[in-house]
There are 2 protein chains.
Amino acid sequence: MNDDKLSARRRQTRSTLVEAGISVFAVKGIDGASIEEICEAAGFTRGAFYSNFSGRDELILATIESRTSHDLDMLDATIERWRDRLSCGQPGDLEGFLTEFITDTFSQKVVTAAEVIAEHEIELYCLRTPGLYPRYAELSSYQIERIQSLIENAIGFAEAAATIPLPDLISALTAIHSQAALRAAAGKRLHEKVEIDPTQMVRILARLLDFDRD
Amino acid sequence: MNDDKLSARRRQTRSTLVEAGISVFAVKGIDGASIEEICEAAGFTRGAFYSNFSGRDELILATIESRTSHDLDMLDATIERWRDRLSCGQPGDLEGFLTEFITDTFSQKVVTAAEVIAEHEIELYCLRTPGLYPRYAELSSYQIERIQSLIENAIGFAEAAATIPLPDLISALTAIHSQAALRAAAGKRLHEKVEIDPTQMVRILARLLDFDRD
DNA sequence: AGACCTCGATACAAGAATGTATTGGATACA
DNA sequence: TGTATCCAATACATTCTTGTATCGAGGTCT
């Protein structure tokens, strides 16, 4: 987690290995991928790997740390953007507003098909690896917090109210997004970007809100 | 798929291996589980395994065939039950009706934590295994068909109309269910049963329908 | 420039997993 | 009872994977 102490070279190597891991995991699964394969994909040898990580689990750990930290930055930036927006006027048309909101919140999260698949793979891996689960759960909860904050803002801005408990609303949206991403990734080549049509989520979100406007 | 030609003994062995596979997959992941481990869990040796399956993929295939055929039977039975109900009266209170419907449709599907996790594991494995994906997709689509049929019935019975396209409605419900099942399975021991509180799904479904009643 | 240090490559040993070929016990059948 | 068949156990050869211990190139500091 603390990359700070590491030399630039080392940081670069680690990050290359992490990226390679994602690519290989998407094809072979986490346990199906040998350390050797990952190193090969990264252009290193196993020597480099074991000099940087104690083993597979530590690579996974580095992967979720890096991924989450990136996602959190994106979410925080989005929160900022929407906070600004709060002060400068009306939402305009509802459809457009929600579409923009959903796109902003969810679509920056993941890009290539490989990343989507690897993310699901990692989720399961952490679920069944006691040493990894607590950290995974912690990092997930940070993301949920941010998303909740975003949704609260947006709802307030739209002068609306959630008609179901907020946690349920959020988990529904993330579930739908996560499934949609996986479906979209299924067909594609690994490095194709995954585009998720926001209309399903928009429609559902719209239906789960009450609008006080007259 | 055609167990018909097999002797009872052979059928029993295969099914034991399939069950053992599910247990082991849930702990080790599909690629993390050695054939040996699966056999050990089943009380057989590798000789039995290779006498029954050509390799890991064929075991997975047998697993999804067996699982799906069971699920389809359940769904068909549920469809029957609801068709009967159509003829014998009013839905009564809406909340109760939807709760019963959701429970009926989704809750019989999966039982233990191990099964939930293994199911997700298998989904990803099939996604990245070209030889398995077509069959997996085919079997999934049968299930979707049944669920769609159920939902159509229920909506009609409740004298309601979906306010978003039916496929979107269904995929939303399955996504929510699937995520809820995984979350519920996460904490538990492998053979504990997973209970999914239907209220989230009920509330959302209710919000996604328009009721023509007066 | 020279000594030091960092970091990845190489070589090696040990262990794990796979798949096959063969064996032996049980069961069905005549 | 004898015999043929089926099916899982055993034994074995091979390949894959892992982790460590060592080496050496390239950079850094004085």
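Throughout, a chain's letter reflects where its sequence line sits, starting with A, and its residues are numbered from 1.
- At whole-Å resolution of the value, CD in B:E40 and P in D:dA9 are 12 Å apart.
- The distance from atom CD of B:Q12 to atom P of C:dT27 is 15 Å, rounded to the nearest whole Å.
- In this structure, the separation between CZ on A:F101 and CH2 on A:W82 is 6.5 Å, given to the nearest 0.5 Å.
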Its contact letters, B for base, S for sugar-phosphate only and - for none at protein heavy atoms under 4.0 Å, make nucleotides 4-21 of chain C read ---SSBB------SBBB-
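- Using a distance-only test at 3.5 Å, with no hydrogens or angles considered, no donor-acceptor pair links the side chain of A:T129 to the main chain of A:C126.
- Salt-bridge annotation for B:R83 and B:E80: present, with a side-chain N of the basic residue lying under 4.0 Å from a carboxylate O of the acidic one.
- Annotation: B:K188, atom NZ; neighbour count of heavy atoms from other residues, nucleotides and ligands within 6.0 Å is above 12.
- With rounding to whole Å, A:F53 atom CZ is found 15 Å from D:dT18 atom P.
- For A:R56 (side chain) and A:A33 (main-chain N/O), a donor-acceptor pair under 3.5 Å exists by modelled atom type.
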